[in-house]
Each structure stands twice: as structure tokens, then as C-alpha cells.
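Report on the following structure.
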Amino acid sequence: MDSTYDPQKIEAKWQARWAEQKLFESEVDSARKKYYVLEMLPYPSGDIHMGHVRNYTIGDALARYKWMRGLNVIHPIGWDAFGLPAENAAIKNQRHPSEFTFNHIDRMRGQLKRLGVSYDWRREIATCTPEYYRWNQWFFIRMFERGLAYRKKSRVNWCPSCATVLANEQVVNGCCWRHEETPVVEREIEQWFWKITAYAERLLEDMKELVQWPERVLSMQQNWIGKSVGAEIAFMVNEIEEPLRIFTTRVDTIFGCTAVYLAPDHPIVQKLISFSEDPEKLRREADRVKASAIHARVEVELEKLGVDTGFSARNPYNGENVPIWIANFVLAEYGTGAVMAVPAHDERDFEFSTTFGLPIRSVIAPVGAGFVPPKESTVINVPSEAFVEYGILFNSGPYNGLTSEIAIERMTRDAETRGFGKGTIQYRIKDWGISRQRYWGTPIPIVYCDACGMVPVRDQDLPVILPPDVKLTGQGQSPLASVPDFVNTRCPNCGGRARRETDTMDTFVDSSWYFYRYTSPHFSTAPIDTEAVKYWFPVDQYIGGIEHAILHLIYMRFFTKVMQDIGLVNFSEPVARLFTQGMVIKDGAKMSKSKGNVVDPKEMFAKYGADTVRLYTLFAAPPARDFDWSDSGIEGATRFLNRAYRLVAKHASTFPPGKADHPKDNRRPRWDLGQLSSEERRLIRKTHQTLRHVTEDLDGRWHFNTDVAMAMELVNDLSEMEESIEAGKVRPKILKNSLEYLVLMLSLFVPHMADELWEGLGHSEPALRAAWPAFDPEYAAEDELEIPVQVNGKLRGRILVTVAVGEDEIRERAQAEEKVAQAINGRQIVKIIVVPKKLVNIVVK
RNA sequence: GCGAAAGUGGCGGAAUUGGCAGACGCGCCAGACUUAGGAUCUGGUCCCGCAAGGGGUGGGGGUUCGAAUCCCCCCUUUCGCACCA
């Protein structure tokens, strides 16, 4: 072993050896307990960035720890390889997207190997290969068969300059991201949807199982699904005798209804216009309201705007006629697209009514305010603001005096028995639109036949291969439509002439089930090998960025529920524990090319080595928080590694050579603390304290920065003890034991350097094959701890006590009593209460 | 506006359940070794004070022998949702 640290040499050596020894390869083994560590698969953008480094370093530390704890660990990686950037690059350079994609994968794979992450590379997948995407198509067909995949007309963002469809993310301030001057227009085209709304309730319900997910992610998902319980009530439009359904969560306020508002896009609007006395005028005004609503998607704050249609609707509860307005703030896509206006008890209605001079009628009184409801039911109050809480009903006919809760229940029931309404549940979540008018994605396996209609491709004809020769222009609709050989086909049903669907799937489909595929990446008769999934699932730990809190992490849950219904899996949630790491920022902003604050991992590997980059990444901040990169901070990390390496290497050379393989179980040498020199005691204590900290932290808290800090302290202590060690005050056996434990701990964070040192200490196998040593509570106890002493409840200073944590409380007490007796010289002790590490409470006479 | 999280030195951050605030590292200061230092090593580094001592965890109040930690009010920041009826 060299006496100085040469990361480039060491890292190349160990990466080669790990691969040679197949160190990270694992197989189903029902005799052993498994552990599935998963990190979110990267998009092959060309080079890994610091966010990747952080993500994979966290996962790697965990995987290595679980391995050393004796678990059968699966730790896979793959590529989210379809998507827009490759297609855009292809358009620009007139090359094929696969060329970019596979080039990028090769580069990034090399960089991940350079980082030394413990992946089982045999399980690598790329979602753009037919072997993978054929199963996307298989899932599509299963969805189609179950009525979960359907087609409907839907709005898309269309850039007139590009002459193509834009994803929502490509719309910037209402304009195209490539043509900042060109406003995006809406177009209606037929698109495929997956009925995730059918699973809304289960997605909510099963959150109960996700006890190890961050609260933040769950509340974001809950918000996104947006369940609200309410009622649909039909008002009758008097002039055309047609019912108009509104949705409300507050049917108890309906006696305070003074108008009905329609969304500008509500279907009945056109009808009202045509029946209007002055259709031209109403149309003009309706268009004006509509235009302001569209404008609102760009603006932050929308000024409320509306127009009275001149029509009126009958409130079924009290027979009262109220005007029908078109209002710009009513959403067509939520509920029924029509709402009742209760200005006294809704802030938006209140604002609208005061602006347009509509009447305001209170019908709910605050509970317990000593409020006496007015006897006259015609009284119109004019409050200064909307009262939106639940309360007691008045001015509400037969429902007067009821609480809101009871009234909602009873009024909903009455609506049902009298036939003008019903209780309903609304969700904010919408069906998942999966069609993309793009080339670089999974072809949708549907054929259109004039005779048979929409027919799914037969399973045995999958995959529908993405044709390689396509002229990508970025203009017009789906590129696949321009390939006659692809489009023209035979109907799977009748054999007649037919056309293929030319849209491709959203890439979120790819990432919704990729982690199943890792367990049997080459399985050829089904998307997954159910035996392998049975063994490896659920994912024990999933690690990734918070930016996927909603889309990916909901789609993934949805997919698993569908798979459960198909009978592919026998559980409903795929991920037991989720961890969302913070972002990597520099100079106060997220690293990005446009900001010019990017730190390239490649350069860091070349300058410092992978271990230094890993150590710094873990040390600079707890993984859950954002991490602010500092160029001088990493210098500290490399300094530490140099020091640690030299220290261990120097001592290692003094130990007699010989076979000294670490035991496969976690037995450890034991010493009688009383027989040791104080230096030996100090070293053993520090070592076991560090071990305890690191062990407990990896088992749950995940503040790896403090683990690294503890390891630094241990190295600092060893340096300070250098003279005593040279003077022979610490026996080699004890010193070597401490150094070994130090190296095993370091192997989680800086595996290459640790393996080099581990070998230097006489071990023939990598540290990963060693058992994680158990800390000894007695050794890990604080030595001579200073503890506050209270006498009769008053603080009386501090004493030094030896406290053992855990097991033997008697010993703690005996020692404490003796010392305390000395401390309070001679007074009679009635009672002593010892709280280890915290407080000695003494009662004296 | 609603919801969530967070406010600790010059900086990143420590302080498992209330118990020595500032671990560990960066930076800075001084020194050693050096032709040299952006290498390495040693010492110092919350504030006031020569010192004894006192003050100090966004601000104000409270509970407690004891509060960065628990409770109430206020301020600030970040993130998510933003007319969802």
C-alpha cells in the first residue's frame, strides 16, 4: 500500500476489481432477506450533474450498509431514454434521436462507473428499446380492454410558428419557448387518455399505507387529487324549460342563492345566445368574458368579469327565480361548469356581487354568538364580508335552526327524494392524457379499420416498432403520420386495409413501471416475472427529487393498482419508503447552464477523485436539505481523506502481516475496560460512539453529514493520540480494531479508499463482504460525563458521573450515588433520581 | 389568499427524548517548516470585557430548577396550490 493517497490510481484499481468479482450482483434467494434500493432513473441528457451525484451517493451509502448488514440487496439503474430533447437535437442536427440517446447513455454510464456506484449493471434497461417499450404497448392494450384507455377531443397548446403541439412545460408566459413572440393557441384534437380518475379514491385511500413517505409529498398528492364531497342540484332555466346542474359543497347556503354563474365555455351558453332577444349583443359580451378568462391563464390575478344573460333559473328549494350570469372565474372543466352564487357565504361570490350590484342575502349565522335569527324571511342583510364558516341556518324555510352539517345531509337527501339533485363527489385530478404528437416515444398500439373501428394490435404482434427512417422537421403533426409503411397496415380483426395510430405515448408511461422490469430485465413472455417481483418487492427505499412529488409518483402508484387489478402483482403500493433529497445549488441558485453556475462532476473526478466528491456531497448538508456547493468546501473533504489515508496507512504498515479476514458475523473483540490504559479506553469509547452514531443514523435519521463529522472526530482523536501510540500505550490489537471499524464506516461513503485501506490492513476481500460491526453499548457510553445536580428541586451545580447507556442501570446509580454523596458532603440522602446523561435529582434531609 | 417547512457565528451546518449552544468543516488571524505557497503542520476564532464576569439561537410573552428545542402572538424566507364553488 502506498503511503500517500492517490485517488485516481486507487479508484481505477477497485472499480476494476469490483466488476471482476461481480460484487454488486444479486439473485433471488428465498433463504435470505432482501432489500431493494432504488434511485430515480436518469434522463440521458449527456453528462451526469451534481444532482445525480448526490442522489446516487445517498443510495450507494444505503445499499452498501444494507449489504454489510447481511441483506440480499438489489440496486439497479437504467435510462429514461425517450423524450423531447433528443428529438429536438435530432431535428436541429438532422440525425436520428437514437444516436444522441445511445451516445449519451454511453457517456453517462461511464461517469456513473467512474463514481463507483454499486449497481448491478446486468439489470440495466433503456426505455427506448423495443424489448422495453413493447410492454408499454402491452399495458396500453390491457388498459384499452378494461375501458381505462379512451379517446376524446381535447385541447392542446399549438405554436403557429413551429406548426406543432407543445407540452405544457414548453409554454412560457403564454408563448412558445422557441418563439417567445408567438402566442400559443389552443387547438382541439383527438387524444388518448387513461382513466386515472377511476382510481382517485384508491389513490387517496391507500395513502394510509404510505406511513414512511414524507408528509409533504402526501399532502401535495392529496391536493392534486382534490376530492370534494358535495351535491349536484338542478335549477330549471325558465325561458327554455331545461335543467341546469350546478355543483356545490355548501348546499346548506342555497336559500342565500341570488344568481347562477356559468363558465364561458359551458355548452348551454350557445343555446342561451340563440334564444336571446338580442343574440348579437349577448354573443359579443359572452366572448368578451371568455377572452378575459383565457387571458387569466397568463395573468396572475384576474379581475372578475361577467355578463347577465337575461335568462333566469328556478331554485328548486324555494321556487325563487334568480338571474343567470356568465362569469369569467367559473371553470368549465370542474364540476358541472355552473355554480350557484351565494354572496353572503362565499368570498368570490361576495366580490362579484358587490362589483355588479347583485343582492346579498345571509342565511347562516355563527354558532354560539347569541345570534337571534330574524323572523321575517324576506329580510336582506348587507354584511361587510362573506361568512364562510359552518353555522346555523336561518332564512331557509324548513331547514331553519339546523347546523350546516345536518342541513347538508338532510337537504341532499331531500334533493334525491324529490328528484332534482343528488350527493356527488368531485375530484380535481383529470384523466391522464398520454398522446404525444411526437416521434421519439412508444407507438400507441391501435389500428383504425373502416369496418371494425378501433382495434388493438394483438399481443403476439407486439412490439409495434418505431420506424427508423422518419424525416423529423418539427413541423406539423405526428411525424409517424408521414411514414406510409408504418401507417398502412392490416386490421388485426378482419384483415382489411387499416391505418395505425400515429401518436406516441407520454414518457411518464415509461417511468411508471420501470422498477418492476429491473427484477427481470430480459423476461420475454410478460412485462414482469411475477416470481422475481414477489421476492424483491416492495421497493424498500426510493430516493429522488421532490420535483416528482406529483406526476411520476402518482402515475407510478396508479400503474401498480392497475397491475394489481390485472393480477400481475398482489399488492397495491410499490414503494414502502420514499426519500426526497434537496437540490444542489450554487451561489444561491439552482445549478443551470443559463446561470453559468454549473459544477461538472467529470472535472471534479479528475481533480479530486470520486471519493472526495462523494464525501463532500454527503458532508456539506443533510440529504433532505438543499446543498449549496462551495469550491473551498470540497478542499476540506480532500484534506480529510489525505489525512485519514496517511494515518491508517502508516499504522497498517506496523501490524504483522497475515490472514486477518473480518468475521462474517458481527462478533467483536471484548476487553475489560478496567484493565485498559486510559488511552485505550478513550480510543475504544470514541470508536464505539462513532459506530453507534453511524449505525443509528443509517437505520433512520439520515443525517450523513453528522456521520462524516463523527468519522472526522475519530481521525482527529487518533492523530492527537499519536504520541501515546508510539509510546506503546495503546496495544496494536486495540489500535487495529479501531482502525478497522473506522475503515468499515468510511466504506459507506468513500468505498474506493476504504477498500484500499482494508486491503492494507490485511483483508483479502472488499469491505462490502465484511459484516457491519455491532457497537457495544458499554463501550459507547460517555466517559466521565458532567451532569447537572438538583438538590430538593434547586440546581446545585454539576458533577462528573460515569454513565453507561442501556443495560446496567444499577451500575449507573451506584456510581452516581457515591459521587453525589461526596458532592453534597455529609447530608443525608433520602432519594436519588438518575436520568442517564441528563439529570441527577437528589432529595436531602 | 390557502397549505407545508424553516429561521442558530462571516459561511455550510451540529446539539436522538427540554440538560455544557455553536460539534465537524469552510473562511479568517497568528506561528512553524519552506527559494516559494492556493502544500503541510501547530495554536486561536459567537459577542462585550484586561479580567472576574455578563449577554446570546428572527422579535415579544409564557411553562419549567433548566428552553434553540414545548405553548401563545408577531415578523421574515423558501416551497407547493393558487378563483376547484
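The chains referred to below are lettered A, B, ... by the order of the sequence lines, with proteins before strands, and numbering in each begins at 1. Only a predicted model underlies this, so the values are computations on that prediction, with no experimental measurement involved.
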- [ ] Please determine, for A32(B), whether a Watson-Crick or G-U wobble partner exists with both distances under 3.5 Å, and give it or none.
- [x] U40(B)
Open item on the list: Regarding Ser219(A), tell me which of base, sugar-phosphate or nothing describes its non-hydrogen contacts under 4.0 Å with the strands shown.
Closed with: nothing
Open item on the list: Taking 4.0 Å as the cut-off, does a side-chain nitrogen or oxygen of Asn716(A) come that near to OP1 or OP2 on G25(B)?
Closed with: yes
Open item on the list: So Asp252(A) and Tyr399(A), do their side chains get closer than 4.5 Å, heavy atoms only?
Closed with: no
- [ ] Report which part of the nucleic acid Val342(A) touches: base, sugar-phosphate, or nothing (heavy-atom distance under 4.0 Å, all strands).
- [x] nothing
Task: Interatomic distance at C1', A36(B) relative to U16(B), whole Å - done: 49 Å
TODO: Please determine if a side-chain N or O atom of Thr706(A) lies less than 4.0 Å away from the OP1 or OP2 oxygen of C24(B).
DONE: no
Task: Distance below 4.0 Å between Tyr334(A) side-chain N/O and A85(B) OP1 or OP2 - done: yes
Task: U63(B) to U77(B) separation - C1' atoms, rounded to the nearest Å - done: 29 Å
TODO: Have a look at Asp697(A) and say if it touches a base, only the backbone sugar-phosphate, or nothing, with a 4.0 Å heavy-atom cut-off.
DONE: nothing
TODO: Let me know the distance between CE of Met712(A) and C1' of G12(B), rounded to the nearest Å.
DONE: 12 Å
TODO: State which of C24(B), G27(B), U16(B) makes the closest approach to the side chain of Arg692(A).
DONE: U16(B)
Open item on the list: Any strand counts, and the cut-off is 3.5 Å on both contacts for Watson-Crick or G-U wobble. Which nucleotide pairs with G3(B)?
Closed with: C79(B)
Task: C1'-based separation of C2(B) from A68(B) [nearest Å] - done: 29 Å
Open item on the list: Does the plane of the ring in Tyr555(A) sit parallel, tilted or perpendicular to the ring in Trp432(A)? Use 30° and 60° as the thresholds.
Closed with: parallel
Task: Glu713(A) atom CD, neighbour heavy-atom count above 12 within 6.0 Å - done: yes
Open item on the list: Under a 3.5 Å cut-off for both contacts, is U45(B) paired Watson-Crick or G-U wobble with anything, and if yes, with which nucleotide?
Closed with: G27(B)
Open item on the list: Applying a 4.0 Å non-hydrogen cut-off, can you work out what Gly226(A) is touching in the nucleic acid: base, sugar-phosphate, or nothing?
Closed with: nothing
Task: Any Arg639(A) side-chain nitrogen or oxygen under 4.0 Å from OP1 or OP2 of G25(B) - done: no
Task: Integer angstrom distance from the C1' of G66(B) to that of A21(B) - done: 14 Å
Open item on the list: Taking the minimum atom-to-atom distance to the side chain of Ser630(A), which one of C26(B), A15(B), A85(B) wins?
Closed with: C26(B)
Open item on the list: Taking any heavy-atom pair under 4.0 Å as a contact, classify Asp626(A): base, sugar-phosphate, or nothing.
Closed with: sugar-phosphate
Open item on the list: Does Glu696(A) reach a base, just sugar-phosphate, or nothing at all? Heavy atoms under 4.0 Å.
Closed with: base
Open item on the list: What's the gap between U8(B) and G13(B) when it is taken at their P atoms, as a whole Å value?
Closed with: 9 Å
- [ ] For Asp346(A) and for Asn223(A), locate the closest nucleotide of RNA chain B by heavy-atom distance; then report the residue assigned to the nucleotide nearer the 5' terminus.
- [x] Asn223(A)
- [ ] Find the partner of A15(B): check Watson-Crick (N1-N3 plus N6-O4 or O6-N4) and G-U wobble (N1-O2, O6-N3) distances, both under 3.5 Å, and reply none if neither fits.
- [x] none
Open item on the list: Return the pairing partner of A52(B) with a 3.5 Å limit on both distances, Watson-Crick or G-U wobble; otherwise return none.
Closed with: none
Task: Sugar-phosphate only, base, or nothing, as touched by Arg428(A) at under 4.0 Å among non-hydrogen atoms - done: base
Open item on the list: OP1 or OP2 of U17(B) versus the side-chain N and O atoms of Arg701(A): is any pair under 4.0 Å?
Closed with: no
Task: C1'-based separation of G80(B) from U69(B) [nearest Å] - done: 27 Å
Task: Salt-bridge criterion met for Glu720(A) and Lys686(A) (N-O under 4.0 Å) - done: no
Task: Lys304(A) to Phe329(A) six-membered ring, cation-pi geometry met (6.0 Å, 45°) - done: yes
Task: Watson-Crick/G-U partner (both atom distances under 3.5 Å) of U69(B) - done: none
TODO: Could you check whether the rings of His552(A) and His548(A) sit parallel, tilted or perpendicular, using 30° and 60° as the cut-offs?
DONE: perpendicular
Open item on the list: Quick check: on RNA chain B, is the nucleotide nearest Pro622(A) upstream (toward 5') of the one nearest Arg646(A), or the reverse? Name the residue that is more 5'.
Closed with: Pro622(A)
Open item on the list: Any side-chain N or O of Arg216(A) below 4.0 angstrom from OP1/OP2 of C81(B)?
Closed with: no
Open item on the list: Taking the P atom in each of U45(B) and G58(B), what is the distance between them to the nearest angstrom?
Closed with: 24 Å
TODO: Could you work out the separation of A23(B) and U40(B) based on their C1' atoms and round it to a whole Å?
DONE: 24 Å
Open item on the list: With a cut-off of less than 4.0 Å, is there a side-chain N or O of Asn705(A) near OP1 or OP2 of A14(B)?
Closed with: yes
Open item on the list: Given Glu722(A), which partner from the list Lys650(A), Arg643(A), Arg646(A) fulfils the salt bridge (Lys or Arg N to Asp or Glu O under 4.0 Å) test?
Closed with: Lys650(A)
